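Written below as structure tokens is the structure these notes are about.
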Number of protein chains: 2
Amino acid sequence: MSQNIYGRPYTVTARGPVLTPCAPHDVLARLGDKWTILIVSLLSLAPENRLRFSEIKNGITGISQRMLTLTLRNLERDGLLVRHYFPEVPPRVEYELSTMGKSMLPALEGFTNWIRSNWTAIEAARQNFDSREQDRD
Amino acid sequence: MSQNIYGRPYTVTARGPVLTPCAPHDVLARLGDKWTILIVSLLSLAPENRLRFSEIKNGITGISQRMLTLTLRNLERDGLLVRHYFPEVPPRVEYELSTMGKSMLPALEGFTNWIRSNWTAIEAARQNFDSREQDRD
DNA sequence: TGCATCAGTTACATGGAGATAACCATTGTC
DNA sequence: GACAATGGTTATCTCCATGTAACTGATGCA
């Protein structure tokens, strides 16, 4: 009786389907934070999907050193990118999308294609909603 | 010279690609919050993609009335679902995926399929990373 | 001597997401 | 008269993501 949708197990009861929390939220939460998808996108554009720390910092407007480090650590922890450290002076570090990270790109791109196609509609819906809400007094 | 990836405009400079922040982060942030994707998933399972407030509340373990209301408002604001209000006593309210909301499902499912396929690898990478980090002293 | 480079780390402050719990109006039922 | 059902709103609290800014260490260069 237990089934699966969007990575989430669910059971169909007399009152309708009942979901239990599960995996995909973790991944969506990671990509939904402020910087992760920008970094992944930037690496997807780079030759060999590989860039230095400073190249990423220069490529993403407004990110601080601290947030870049934190976000890269999280991506490395999840196995989505690989950190190559060269103990030179000054030190050099390169970040590269892992095999798993690269395998994510097509699926992610399919979804972001939908976003690109519908973004103006979403913005219009928001404006419409906000202006209608303004009336209630 | 300006191009587009993942909904984000970028320019290729001598130092590599430079991204400017843009739309898709908004949508990923919405779906990456704690409850949104659970609600969308639940509605995608329902007949006519339509459920009552109380049915959603019963279908999602642990969600509070407040967070359900807030998350539904945000989805309605974005035009991803439609709110049907019936002024009976006690009141009845039904939430239905909009046309745009339904059109999102295939792309979203493609992406969550990738997540489902790679989730165990991600968890393994996390454990590996955490145990290696533990050694450093 | 002093400053720049690179890739960070550390300390501190802040806003907002989310949790918890009480309250609301209307009606039907016991 | 008390209570349940429905679909909320409101107040208060906590915690975490994020921002800002200073500091690090080895070396090259002026």
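Fair warning: this is a prediction, and the values are worked out from it, not measured in the lab. Proteins get letters first, then strands, A, B, ... in listed order; numbering begins at 1 in each.
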Is it true that [X] and [Y] fall in one hydrophobic cluster, defined by side-chain heavy atoms closer than 4.5 Å?
X: B:Val82; Y: B:Leu68; result: no
X: A:Leu81; Y: A:Phe86; result: no
X: B:Tyr85; Y: B:Leu51; result: yes

Legend entry - With A:Thr36 via side chain to side chain contact (heavy atoms under 4.5 Å, CB included) - residues at least two apart: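 A:Thr36 satisfies side chain to side chain contact (heavy atoms under 4.5 Å, CB included) with A:Arg30, A:Leu31, A:Asp33, A:Val40, A:Thr71, A:Leu75 once adjacent residues are dropped.
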Inset, instruction - Give the B/S/- string for nucleotides 10-27 of chain C, one per nucleotide from 5' to 3', where a protein heavy atom under 4.0 Å of the base yields B, of only the sugar-phosphate yields S, and otherwise -. - result: BB------BBB-----BS
Legend entry - Test item: side-chain donor near acceptor, B:Arg116 and B:Asn113, under 3.5 Å: yes
Inset, instruction - Select base, sugar-phosphate, or nothing to describe what B:Phe86 touches, counting heavy atoms under 4.0 Å on all strands. - result: nothing
If I take atom [atom1] in residue [X] and atom [atom2] in nucleotide [N], what distance separates them, rounded to the nearest angstrom?
X: A:Glu94; N: C:dC6; atom1: CD; atom2: P; value: 13 Å
X: A:Asn58; N: C:dT5; atom1: CG; atom2: P; value: 11 Å
X: A:Arg92; N: C:dG8; atom1: CZ; atom2: C1'; value: 16 Å
X: A:Tyr85; N: D:dA26; atom1: OH; atom2: C1'; value: 10 Å
X: A:Lys57; N: C:dC6; atom1: NZ; atom2: P; value: 11 Å
X: A:Asp26; N: D:dA17; atom1: CG; atom2: C1'; value: 16 Å
X: B:Leu68; N: D:dG8; atom1: CG; atom2: P; value: 8 Å
X: A:Glu55; N: C:dC6; atom1: CD; atom2: P; value: 10 Å

Legend entry - A:Thr112 side chain to A:Ile115 backbone, donor-acceptor under 3.5 Å: no
Legend entry - Any donor-acceptor N/O pair, A:Glu76 side chain to A:Arg73 backbone, under 3.5 Å: no
Legend entry - Exercise: identify the closest heavy-atom pair between B:Gly110 and A:Ala107: O-CB, 3.8 Å
Inset, instruction - Under the salt bridge (Lys or Arg N to Asp or Glu O under 4.0 Å) rule, collect the residues that match up with B:Arg92, sequence neighbours excluded. - result: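 Residues passing salt bridge (Lys or Arg N to Asp or Glu O under 4.0 Å) with B:Arg92: B:Glu88, B:Glu94.
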Inset, instruction - Indicate whether OP1 or OP2 belonging to D:dG7 is found under 4.0 Å from a side-chain N or O atom of B:Thr69. - result: no
Inset, instruction - Determine: side-chain N/O of B:Tyr95 to OP1/OP2 of D:dG8, distance under 4.0 Å, yes or no. - result: yes
Legend entry - Difference in axis direction between the ends of the helix from C:dT1-D:dA30 to C:dC30-D:dG1, five pairs, 10°: 30°
Inset, instruction - Please tell me if the side chains of A:Leu97 and A:Leu80 come closer than 4.5 Å, counting only heavy atoms from C-beta onward. - result: no
Inset, instruction - Scan residues 72-83 of chain B against DNA chain D and write down, sorted by residue number, each residue with any heavy atom closer than 4.0 Å; if none is found, say none. - result: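 Residues of residues 72-83 of chain B under 4.0 Å from DNA chain D: B:Arg73, B:Arg83.
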Legend entry - Single hit among B:Leu43, B:Leu42, B:Ile37 for side-chain contact (heavy atoms from CB on, under 4.5 Å) with B:Ile39: B:Leu43
Legend entry - B:Phe53, nearest nucleotide to its side chain (from C:dC6, D:dG8, C:dG8):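 Nucleotide nearest to B:Phe53's side chain: D:dG8.
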Tabulate below the donor-acceptor pairs under 3.5 Å that side-chain atoms of residues 121-129 of chain B make, not counting sequence neighbours, or state none.
unit_1	atom_1	unit_2	atom_2	d
B:Arg126	NE	A:Asp78	OD1	2.6
B:Arg126	NH1	A:Asp26	OD2	3.4
B:Arg126	NH2	A:Asp78	OD1	3.3
B:Arg126	NH2	A:Asp78	OD2	3.3
B:Asn128	OD1	B:Arg132	NE	2.7
B:Asn128	OD1	B:Arg132	NH2	3.1

